[in-house]
S.K.: 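This structure is in structure tokens; I'll ask about it shortly.
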Amino acid sequence: MLEERKCGILYLVVPCYNEEEIIEHSIEKLKEKMNRLIKKGKIHPKSKVMFVNDGSRDKTLQLLHWAAKKDTMVSVLSFTTNFGHQSAILAGMLTSMEYADMVITIDADLQQDIEALDDFIQSYEQGNEIVYGVRNDRNTDTFFKRFTATSYYKLLHWLGCDIITNHADYRLLSKKALRTLSEYEEVNLFMRGLIPLMGFTSDIVYFDVKEREAGNSKYTLKKMIKLAIDGITSLSIKPIRIIGALGLFTCIFSVILAIFSFVGWLMGENIQGYTTTILVTLLMNGVTLFSLGIIGEYIGKIYMEAKKRPRYIVDSLLWQEERNSSESD
Ligand code: UDP
Ligand code: MG
């Protein structure tokens, strides 16, 4: 264990979007866990839980502000509108960076086991700059989610992406890793692909996933598809190369077919094949449009990156310093 890493200041970053059904319960559980960690001397008493309200339209913000007024351990960063989960965790991390020695991101529904926090901190103390949380199994997922997630990780690996299977956004980053992350300016955010690219010493912590205790998943199918596409486009240009290869293959195939047909015609064969012609035309049009769609996806991303719009807009940051803090800065 590295001496200077003992009892560091931890900031827990918790993105919240329409979580009014569960947020009070989560606040209590997180506070209780943090207090236990402080008591054990694992983290510094100045550690905080930073909730990021991602433009919730229900009472989430109100409840969070309540909690922050009651307890200095709770701070609340609030967006003007819904910028998405990835932006919310980024904002939380970048805002905490100045004050924290380490930051851990965790979902507001606490489906991820908070008892694993001890392992994350221990791994940090041992000198790791990044600690990835990896779920033990997918038993709590529906068949659809399990199947799509597993296929997606396989696809990403096949595309050559250095991504950790079954690692979601439950992870620890040290101050050093956060500083590096802050230098990445991309708008197309896919944290779990981006962070391994930084290449610091890292470790894995395994944890269990529970069912959601209240409220519904805030990851609608639309948001999930968007995240999946963002993941591919932000990590790999292999899909464009595949289109190139497909084009070349089709050209060679067409030339061979043309030679065969020409020779057949010279030999007096009657060339038939109305159905084949239609099918080939349809197939090729389909392939062409699909390919254009893929290329368009990348062009769209370039367009968004070129605009350099802010990745999130902060409306307010509610924050209280400890009044009876025995230490001074
Ligand atoms: N979330 C967010 N913005 C969004 C969607 C989700 O901040 O636009 C948060 C949400 O409040 C939760 C986390 O992201 O803390 C993960 O969402 P959820 O638990 O609904 O996803 P699931 O576990 O079903 O994948
Ligand atoms: Mg969840």
Side-chain angles (χ1 to χ4, degrees), residues 11-30 33 49-64 67 74-96 103-114 116-117 133-153 165-171 187-192 207-231 311-316:
Y11 271 50
L12 268 187
V13 166
V14 191
C16 313
Y17 178 57
N18 294 344
E19 299 284 9
E20 66 179 3
E21 290 104 334
I22 202 165
I23 200 69
E24 285 169 297
H25 171 74
S26 299
I27 294 168
E28 284 318 307
K29 283 227 135 175
L30 287 174
K33 177 68 192 171
V49 186
M50 177 174 284
F51 291 93
V52 184
N53 170 46
D54 183 15
S56 300
R57 280 185 282 265
D58 62 1
K59 284 203 304 220
T60 305
L61 182 62
Q62 221 174 312
L63 296 170
L64 288 174
V74 177
S75 57
V76 185
L77 182 72
S78 187
F79 287 172
T80 51
T81 184
N82 183 236
F83 284 93
H85 177 220
Q86 300 291 300
S87 294
I89 52 178
L90 179 75
M93 289 194 288
L94 297 186
T95 310
S96 316
V103 170
I104 299 178
T105 48
I106 185 168
D107 289 351
D109 54 10
L110 302 191
Q111 280 186 276
Q112 298 142 323
D113 183 13
I114 55 170
L117 287 177
V134 171
R135 50 195 295 169
N136 282 322
D137 53 53
R138 287 194 164 267
N139 294 344
T140 50
D141 279 359
T142 57
F143 171 77
F144 175 72
K145 183 129 188 193
R146 200 161 47 221
F147 176 73
T148 47
T150 314
S151 318
Y152 184 62
Y153 281 111
T165 305
N166 289 340
H167 158 64
D169 290 299
Y170 190 17
R171 80 172 79 75
V187 180
N188 183 18
L189 280 177
F190 187 64
M191 291 294 172
R192 60 193 88 163
F207 65 93
D208 288 325
V209 176
K210 291 180 289 175
E211 302 266 355
R212 206 182 227 276
E213 285 178 36
N216 301 320
S217 171
K218 304 300 173 298
Y219 256 96
T220 52
L221 188 63
K222 197 172 141 197
K223 280 189 177 170
M224 241 155 69
I225 293 173
K226 182 182 178 299
L227 184 71
I229 295 176
D230 284 353
R311 293 175 284 191
Y312 52 82
I313 299 168
V314 174
D315 188 36
S316 64

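Every number for a ligand or one of its atoms is a count from 1 in the order of the listing. Counting begins at 1 with the first residue of the sequence.
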S.K.: Using a 4.0 Å cut-off on heavy atoms, what residues surround ligand 1? Order them by chain and number.
M.R.: P15, C16, Y17, E19, D54, N82, G84, H85, D107, A108, D109, Q111, K145, R212, S217, K218, Y219, K223

S.K.: Quick one: side-chain contact (heavy atoms from CB on, under 4.5 Å) partners of E28, sequence neighbours excluded?
M.R.: K31

S.K.: Tell me, with the steps shown, if R171 and D169 meet salt bridge (charged side-chain N to carboxylate O under 4.0 Å, His left out).
M.R.: CA-CA 6 Å; R171 80 172 79 75; D169 290 299; 2.5 Å; yes

S.K.: Out of V134, V209, I104, T105, which residue meets the side-chain contact (heavy atoms from CB on, under 4.5 Å) rule with Y170?
M.R.: I104

S.K.: Is any side-chain heavy atom of L12 less than 4.5 Å from a side-chain heavy atom of L117?
M.R.: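 The answer is yes; the side chains approach within 4.5 Å.
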
S.K.: Verify side chain to side chain donor-acceptor pair (under 3.5 Å) between K223 and N82, making sure each step is shown before the conclusion.
M.R.: CA-CA 12 Å; K223 280 189 177 170; N82 183 236; 3.2 Å; yes

S.K.: Partners of D315 by side-chain contact (heavy atoms from CB on, under 4.5 Å), sequence neighbours excluded?
M.R.: T80

S.K.: Parallel, tilted or perpendicular: which fits the ring planes of F83 and F79, with parallel below 30° and perpendicular above 60°?
M.R.: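 The rings of F83 and F79 stand perpendicular, inter-plane angle above 60°.
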
S.K.: Just do the salt bridge (charged side-chain N to carboxylate O under 4.0 Å, His left out) check on K59 and E24 with the steps written out, would you?
M.R.: CA-CA 11 Å; K59 284 203 304 220; E24 285 169 297; over 6 Å; no

S.K.: To check you understand the geometry: which heavy-atom pair defines the closest contact between V13 and S96, and what is its length?
M.R.: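 Taking every non-hydrogen atom into account, CG2-OG, 3.6 Å.
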
S.K.: Sort by chain and number the protein N/O/S atoms found under 2.8 Å from the Mg ion (ligand 2).
M.R.: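 Atoms qualifying: D109 OD2, Q111 OE1.
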
